[in-house]
Structures are given as C-alpha cells and as structure tokens.
*Asks:* 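Input: one structure, supplied below.
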Protein chains: 2
Amino acid sequence: MKIAIFEDNQKFRESLEFLIVTSGDMELCGSFEDTNRLLQRIEALMPDVVLMDIHLPGKNGIDAVKEIKEHFPAINVCMQTVFEDDDKIFASLCNGASGYILKNTAPEKVLQAIREVADGGSFFTPSVARRVLNNFQQQPHPGEFTQLTDREREILKFLVEGMSYKIIADKTFISYETVHSHIKKIYEKLHVNSKSEAVAKAIKRRLV
Amino acid sequence: MKIAIFEDNQKFRESLEFLIVTSGDMELCGSFEDTNRLLQRIEALMPDVVLMDIHLPGKNGIDAVKEIKEHFPAINVCMQTVFEDDDKIFASLCNGASGYILKNTAPEKVLQAIREVADGGSFFTPSVARRVLNNFQQQPHPGEFTQLTDREREILKFLVEGMSYKIIADKTFISYETVHSHIKKIYEKLHVNSKSEAVAKAIKRRLV
DNA sequence: CCGGATATCCCCTGAATTGGTGATTGTTTC
DNA sequence: GAAACAATCACCAATTCAGGGGATATCCGG
C-alpha cells in the first residue's frame, strides 16, 4: 500500500513519514511540502492513498484533491488539517476526499484512517462526522411540510419530477382543474408562487 | 456514562451487555428486547447513550430514534444493525441518530463509537461513512454540467432561485430574448423542457 | 347537526413559458 | 482562414401557469 504525503510543516511531515514507514503494511512513496507539479508527481508515484494538508504552498489542498480525483479517480485522498470549519470540510469532501481527520488525531487512528480509505471506506474524525451529519439532517422546518396533506405532497412530488398539470391530472385520475386547485393550495402553504420555487423548496427541505 | 440497549437477539444482546459492564467506564442502565413503553423506559433510566437495533418487536428502531430525539434531544443514539442499505441508514440519521455501526463491528470499536457519540461526536462504520459521503457528493454525471458555460450556469442559478425571465434579464443586464436563448440552450444540454425540471436536476446534481 | 378541513370540479384572464427560426459579433481552435 | 462556439438580440405561435372567482361532497370532531 503506497502512501504519498503533502504537508508543509516540516516537523509534522517528518512525524507522518515516520508513522508510515514504521507501520508495517505501508510504503511511503513520496512526501512533499508543496503542490507544485502535482499531477506529474502523482502520475510518477501512483500512490494508493494521499494524505493532504489544506494550507500548502502552490495550490491549496482542496483544489489539489479535485485535480487528483479528476485525473486519477482510483486514488483515495484523506485530508489532514487543523481546520474544522464547515466550508473547508464540505469543499474537500465535495471535491472527492474520502476521509477528513484533524491533526490532533492519535497516530494509530491516522493509520486506521489510511487503511479504511485505501479499502474504499471513509473515515472522519468524530467532530467532523458530526458536522457532516448535521448538514445531512438539516431538519425541514417543522410544520412547513407537515401541514401539507397527503394529496398535496403527492402532487408536489410530481411537480418535482417535472410534470405538467395535464400529465399530473392523467397520472392521478383527477381533472386538470383539481390539480390546479391543489397546486394553488401548495403555493399558499409553502409561500411560493411558481412551480420552480416549489420544486426548489421541496428538494432543499428534502421531500424527495 | 449510562448506556441502554435495545436489541431483540438474545445472544447478541447478552454479548453487548457483557461488553458494556466490563468496559470500565460505562454503566448498563437497561437492556430490552422490544420497544414497548419506549418513552417511559427512557424517562425512568435517562441513559446517556442508547444502542438501538433496527429490527425490533414493537416499533422499529428507526421510528424509535425519532421518538427519543423528539422527547429527549440530549440523549445520543447509536444504531447497531446488520442493514447497510441507504434507505435505512439515511432514515436513521435523519431521525437523529448520531452513529451507525454494523453488527460485525469489533467490540473495542463499539466501545469507541459509544464514547464518541456520548461526547457529542459521531461514529460511522467506514462503509456507512462512505455511503453518507457519496450521498453528500452526488457526483454530477461527468459532462452533464461541465458542458454548461459560465453564463448558462449563472442563469441556471437564477432559475433555481425562482426568478422569471424578466427578472433575470434585469439582474444580468441582458435582454429578455437573450435570457430566453440561454435557457433554451440549457434545456437542450440538460435534456429537460421546463424550468422545474431544470431546477430539480440542478439541485439534485448539486449546482446550488 | 354545524363548522372546518379536504378533495373534487369549473370558468376566466392576463402573464409567463416554450419551441421554432433566424442574425450578428467576437473568440477560440484547427 | 474557415469552422465551431459563445453571447447577444429578435419575432412568432402555441401552450402552460398563476391568481381570482366559485361550487359540491365527504368526513370528522364537538
């Protein structure tokens, strides 16, 4: 299992190197303090897992992940950084990182994270996992959808699928005008006044 | 740290009980094979963490989480189950679970998960973490959005915000007819033929 | 039995959207 | 230098939507 490191802090980089080479099952195939010639380096080394810092000379780690995943989707990247804010976490994950651990993570946990990531799994520091989860849960404002009747919810779903009044009328065996009525009611309850707004709200509040 | 268990398989429940009582830092405050009188039990015991199975006599574990979190938001719940399908995972997490581990998880990892969850963090089995992550990333079909030009993307965003052609024209300082043109092009590229479909696709493929 | 909520249907009008078929001007690319 | 693309604008016809009126029928709780 080949590991590459991108980390600008020399002390920290050296301790990571030590951790890898003494791990027993990993091979350190590269260790860099910047992201210069990123793709050439990656291509030459073809690591299984990349440990990536965020603050780096050259392009930052978040953009680096994107590039790596674009060109080498099979390589799994694990972020390792001091940053714990939603922006950086989500940007990294959206760009394709498979793991996200903080720098205060215990050495054996770091190795564990690398192994999981290499194995196609994911590993988050608990506090990061919590943030991901919170974003995931994003409770619908209680009482903004519950107030929709079953029929209204059903019709809203059809709207989300992009159907016209007429098609919905056919699908549900009710008249065009009834669809119209329901939708008027939906708009009123959701405080919107067009199909696209209703669709946007429905999806964002996870009705789909 | 008080732990309560809900698990219908007797063997498995007993091994969990053993694990907890021998952990050193945890106290087993309750262990049940069904969800009857769920809230009364919880209220009487006030555990810090609940280990919850999904398949249970009485109401299932997913609904149970919802009830617990509604009435006792401070209690953290960790699912422990054999199910690894997106539906059950996401339903549990949306209902407020803080962790999700599979039944084949090593004992020490289970304890670790409980500790993390009690601490306000989250813990996922790596394969579950991966699913959460995938849902989070929702890869845009490569080349379905990348093919949109900057201008088109910009206009698509306005559509998602629910704006009309006219408003978009004003916002972008171009004519109504140009907006019309761009939108025609967008529909063509996304293979849709209405605002709401475009909006749905844009949101689902994470353009927002 | 009444009021309220839900589901169904109808009409009308003005506004917005959609789908064609153009055209012009740059820029980039081969 | 031609071809391809992006961005801009225009006109027209058909369709769809949005918002405003109404009207029944049912069911449910008090």
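Every chain is numbered from 1, with letters handed out A, B, ... down the list of sequences. Quick caveat: nothing in here was measured; it's all calculated off a predicted structure.
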*Asks:* Tell me whether the guanidinium CZ or amine NZ of Lys88(A) lies under 6.0 angstrom from the six-membered ring centre of Phe83(A) and within 45° of its axis.
*Replies:*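 Judged by the rule (NZ or CZ under 6.0 Å from the ring centre, within 45° of its axis), Lys88(A) counts as positioned above Phe83(A).
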*Asks:* Would you call the rings of His180(A) and Tyr165(A) parallel, tilted or perpendicular if under 30° counts as parallel and over 60° as perpendicular?
*Replies:* tilted
*Asks:* Pick base, sugar-phosphate or nothing for Tyr176(A), based on heavy-atom distances below 4.0 Å to the nucleic acid.
*Replies:*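 Base contact.
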*Asks:* Scan Thr178(B) against the nucleic acid and name what it touches under 4.0 Å (heavy atoms): base, sugar-phosphate only, or nothing.
*Replies:*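 If one applies the 4.0 Å heavy-atom cut-off, Thr178(B) turns out to touch a base.
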*Asks:* Output yes when Asp34(A) and Arg41(A) qualify as a salt bridge under the 4.0 Å nitrogen-oxygen rule, no when they do not.
*Replies:*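 The answer is yes: the pair qualifies as a salt bridge.
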*Asks:* Both Lys195(B) and Glu177(B) contact DNA chain C. Taking the nearest nucleotide for each, which residue is further toward the 5' end?
*Replies:* Lys195(B)
*Asks:* What is the first contacted nucleotide of DNA chain D and what is the last, in 5' to 3' order, if contact means an atom lying under 4.0 angstrom from a heavy atom of chain A?
*Replies:*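 Under 4.0 Å from chain A, the extent on DNA chain D is dT16(D) to dG21(D).
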*Asks:* Ile174(A) CD1 to dC9(C) C1': how many Å, rounded?
*Replies:* 10 Å
*Asks:* Between Glu84(A) and Lys103(A) (salt bridge meaning N to carboxylate O under 4.0 Å), is one present in this structure?
*Replies:*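 A salt bridge is absent here (no side-chain N lies under 4.0 Å from a carboxylate O).
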*Asks:* Looking across every strand, which nucleic acid part, if any, lies under 4.0 Å from Tyr187(A) by heavy atom: base, sugar-phosphate, or nothing?
*Replies:* sugar-phosphate
*Asks:* Can you measure Ile155(A) atom CD1 to dC9(C) atom C1' for me and round it to whole angstrom units?
*Replies:*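 In whole Å, dC9(C) C1' lies 13 Å from Ile155(A) CD1.
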*Asks:* Answer yes if the side chains of Ser181(A) and Thr178(A) hold a donor-acceptor pair under 3.5 Å, and no otherwise.
*Replies:* no
*Asks:* Take atom CG of Asn193(A) and atom P of dT17(C), then tell me their distance rounded to the nearest Å.
*Replies:* 11 Å
*Asks:* Indicate, with a heavy-atom threshold strictly under 4.0 Å, whether Ser194(A) touches base, sugar-phosphate, or nothing.
*Replies:*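 Ser194(A): backbone/sugar contact only, no base atoms under 4.0 Å.
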*Asks:* Quick one: Lys166(B) NZ to dT18(C) P, roughly how many Å, whole number?
*Replies:*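 Rounded to whole Å, this separation is 15 Å.
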*Asks:* Report the residue (Met163(A) or Glu152(B)) whose heavy-atom-nearest nucleotide on DNA chain D is the more 5′ of the two.
*Replies:* Glu152(B)
*Asks:* Salt bridge or not between Glu14(B) and Lys11(B)? Use side-chain N to carboxylate O under 4.0 Å.
*Replies:*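 Judged by the 4.0 Å cut-off on N to carboxylate O distance, Glu14(B) and Lys11(B) do not form a salt bridge.
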*Asks:* Hey, does Met79(A) have a side-chain heavy atom less than 4.5 Å from the side chain of Val65(A)?
*Replies:*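 Side-chain contact under 4.5 Å: yes.
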*Asks:* Where the side chain of His182(A) is concerned, which of dG20(C), dT8(C), dT17(C) is the nearest nucleotide?
*Replies:* dT8(C)
*Asks:* Would you mind reading off the distance between Lys184(B) atom NZ and dG20(C) atom C1', rounded to a whole angstrom?
*Replies:* 7 Å
*Asks:* So does His180(B) reach the base of dG20(C) with its side chain, donor to acceptor, closer than 3.5 Å?
*Replies:*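 Looking at the base of dG20(C), it does not pair with any donor or acceptor on the side chain of His180(B) (distance under 3.5 Å).
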